[in-house]
Amino acid sequence: MALASGPARRVLARPWGLGLEGCGVPRRGAYEWGVRSTRKPEPPPLDRVYEIPGLEPITFAGKMHFMPGLARPVFPPWDPGWTHPKFRRLPPLQEHPLYKDEVCYIFHQRCRLLEGVKQALWLTKTKLIEGLPEKVLSLADNPRNHIENQDERVLNVISHARLWHSTEDIPKRETYCPVIVDSLIQLCKSQILKHPSLARRICAQKNMLSTTWKRESTLIQVHGSSGAQLNAKDPLPPIASREEVEATKNHVLETFSPISPTISLQECHIYDVNDDTGFREGYPYPCPHTLYLLESANLRAHRFQPDQLRAKMILFAFGNALAQARLLYGNDPKVLEQPVVVQSVGTDGRVFQFLVLQLNTTDLASEEGIKNLVWVDSDQLLYQHFWCLPVIKKKVVVV
Amino acid sequence: MALRVVTRALGSLSLTPRIAAVPGPSLLPAAQVTNNVLLQLPSASMLLPSRPLLTSVALSAKFVSWKSRTKYTTMPVKMRKSGGRNHTGRIQVHGIGGGHKQRYRMIDFLRFRPEQESKPGPFEEKVIVVRYDPCRSADIALVAGGNRKRWIIATENMKAGDTILNSDHIGRMAVAAREGDAHPLGALPVGTLINNVESEPGRGAQYIRAAGAGDVHSHSGPSLQR
């Protein structure tokens, strides 16, 4: 005791510091959110008369008004037999027919992955290649595939969507973004006369995709509708050759400890494991061809960053490819002889991201083995800027 | 409720005794009724025995705290400023009030808070972004570890991409302290600059939280204070 000095002596003098039960537990825990005054007040305690067993307390229930000296009556709870829809509570989660003990991490269209593309690649067991494959680029470079007056027509499309389409002076992004995408798809459709195989495609919207897969003992599900989707009667041919596919065996996926790969995904105990492409059997255009994801929120904070948008594109394209592969080849995890290819385009009205995903394997539970491939062409500007109003300086329009 | 008591008490009052009630008040004109009343001045003995009445009631302040959210979230939460007023509505501290509107970001002051109770050991977290907090002088950092993200007070040289360690382990040797790590005071060497100190393990940081604040860890040796 004599050797202790200052704070140590004060500590030893306190009664709780001398090895009582409260030694390891703090006197007051860390702050718990929610002030007590905003919580519901607990009901007043019953009169002490009710604690005496066998005694019938005399209450003022018969008098129909309060009487000091008599006990407060306890009435049986009244069940009206019906609840107004405004006040209906959901039944507890455990009673839902789809409740499962194993947790599932669901990716929906509002999930912003923290690690972006790296996290999407780990979740889908995919290898990233910068730039689109030569097959696709050669299609674009081929002058036979060019539309006549291509530049002029695209400029018209941009002006139409950004300025002429609506009556406002400066149309908002929610208006012009879908208009640009629809007009560009229409431009491509105008080539049907030159390439009749384009007629074997159809545009669909608001289809709900749902696929589940197991990735290293965690269950992951993609669920939701991506914007517009182009479906075709014939599947896309595989892009990477067998040698390139075999070469992905040596690729090691990037991890990002201490962050778990399922961060930013929604944890859920109520989910349905069955796959759903969004279309019924016998649909004449069964193969998913291209997905169009739009980021058309007006405020910059509500739009996805380019990295998060690319991650969302990868996951939705993968979901579509996996659902199609399971439809064609069954649910067993295996390496596909005929890889499934799905493309995706993401935009916010000005910046475009292109993506081609080739699904080589449905065996996603193990870390090694053949990986899937994705070619990404990111941040392509369709136009640098677009001013709707003329710039006027000293009453003269500046060109 | 107090108003109801007052009205009920006043309702039991009557200018005339109940036994001699005025018959058919609608037939008599109002002037005659009042004249009748004035003539019959009730004496003290004729007044009905009644309880002591409360004829005034104090107005209670309708103060509800804005801190109603029970679940932790990293999204900023709307808050209401106090202006120096306490729960009664009167100014308790002068000089407070005004200023730009602020949204509150819920800061986790208990650094060593493992995500699951099943994994109790020291763990690492990664700093995602360091940003300005309007509610305090210090900057705050969004850190992510495992499956969760939370805000903590950022130290001076913390930047995005750093890895910080949260530990409750005290070894025989003092830990080589890095900036941003959280250790019990018993594990730190004497002379380290410390901040966000809690008085007991599990209480949460309550001391040395402001910008520019930093204290030198002074005492070593066996002591119950952490």
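From a predicted model like this one, the values you see are computed outputs, not experimental measurements. Lettering of chains follows the sequences in order, A, B, ..., and the numbering in each one begins at 1.
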Find the distance between [atom1] ([X]) and [atom2] ([Y]) and round it off to the nearest 0.5 Å.
{"X": "B:Phe63", "Y": "B:His87", "atom1": "CZ", "atom2": "NE2", "value": "9.0 Å"}
{"X": "A:Leu209", "Y": "A:Gln221", "atom1": "CG", "atom2": "CD", "value": "9.0 Å"}
{"X": "B:Glu125", "Y": "B:Phe123", "atom1": "CD", "atom2": "CZ", "value": "5.0 Å"}
{"X": "A:Ser296", "Y": "A:Arg173", "atom1": "OG", "atom2": "CZ", "value": "9.0 Å"}
{"X": "A:His108", "Y": "A:Ser225", "atom1": "NE2", "atom2": "OG", "value": "12.0 Å"}

Part of B:Ile107 within contact of chain A (heavy atom distance under 4.5 Å):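 It is the backbone, since no side chain atom gets that close.
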Chain A contact via B:Arg113 - which portion, at a heavy-atom distance below 4.5 Å: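 Contact with chain A is through the side chain of B:Arg113 alone.
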Where do B:Arg80 and B:Tyr104 land on the side chain to side chain contact (heavy atoms under 4.5 Å, CB included) test, with the steps shown first? CA-CA 10 Å; B:Arg80 274 175 251 152; B:Tyr104 176 67; over 6 Å; no
If you measure from the Lys or Arg side-chain nitrogens to the Asp or Glu carboxylate oxygens, is any gap between A:Arg215 and A:Glu367 under 4.0 Å?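 A salt bridge is present here (some side-chain N lies under 4.0 Å from a carboxylate O).
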At their closest point, which heavy atom of B:Ser199 faces which heavy atom of B:Tyr207, and how far apart are they?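 Scanning both residues completely, I find the closest heavy atoms to be CB-CE1, 3.8 Å.
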Show your reasoning for whether side chain to side chain contact (heavy atoms under 4.5 Å, CB included) applies to B:Gln206 and A:Arg28. CA-CA 12 Å; B:Gln206 284 176 303; A:Arg28 200 209 77 178; 3.8 Å; yes
So, B:Glu124 versus B:Thr163: side-chain donor-acceptor pair below 3.5 Å or not?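 Note: B:Glu124 and B:Thr163 side chains miss the donor-acceptor criterion.
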pair B:Arg209-B:Phe109: side-chain heavy atoms closer than 4.5 Å: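 Yes, close enough: below the 4.5 Å cut-off.
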Engaged part of A:Tyr105 at the chain B interface, taking heavy atoms whose separation is under 4.5 Å: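 Just its side chain gets close to chain B.
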Interface moiety of A:Glu32 toward chain B, non-hydrogen atoms closer than 4.5 Å: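 It is neither, since no heavy atom gets under 4.5 Å.
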Residues in residues 109-128 of chain A that sit under 4.5 Å from chain B, counting heavy atoms only: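 Residues of residues 109-128 of chain A touching chain B at under 4.5 Å: A:Leu114, A:Glu115.
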So if I take each residue of residues 298-312 of chain A and look for any heavy atom under 4.5 Å from a heavy atom in chain B, which residues do I end up with?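 When heavy atoms of chain B are the reference, residues 298-312 of chain A contributes no residue within the under-4.5 Å range.
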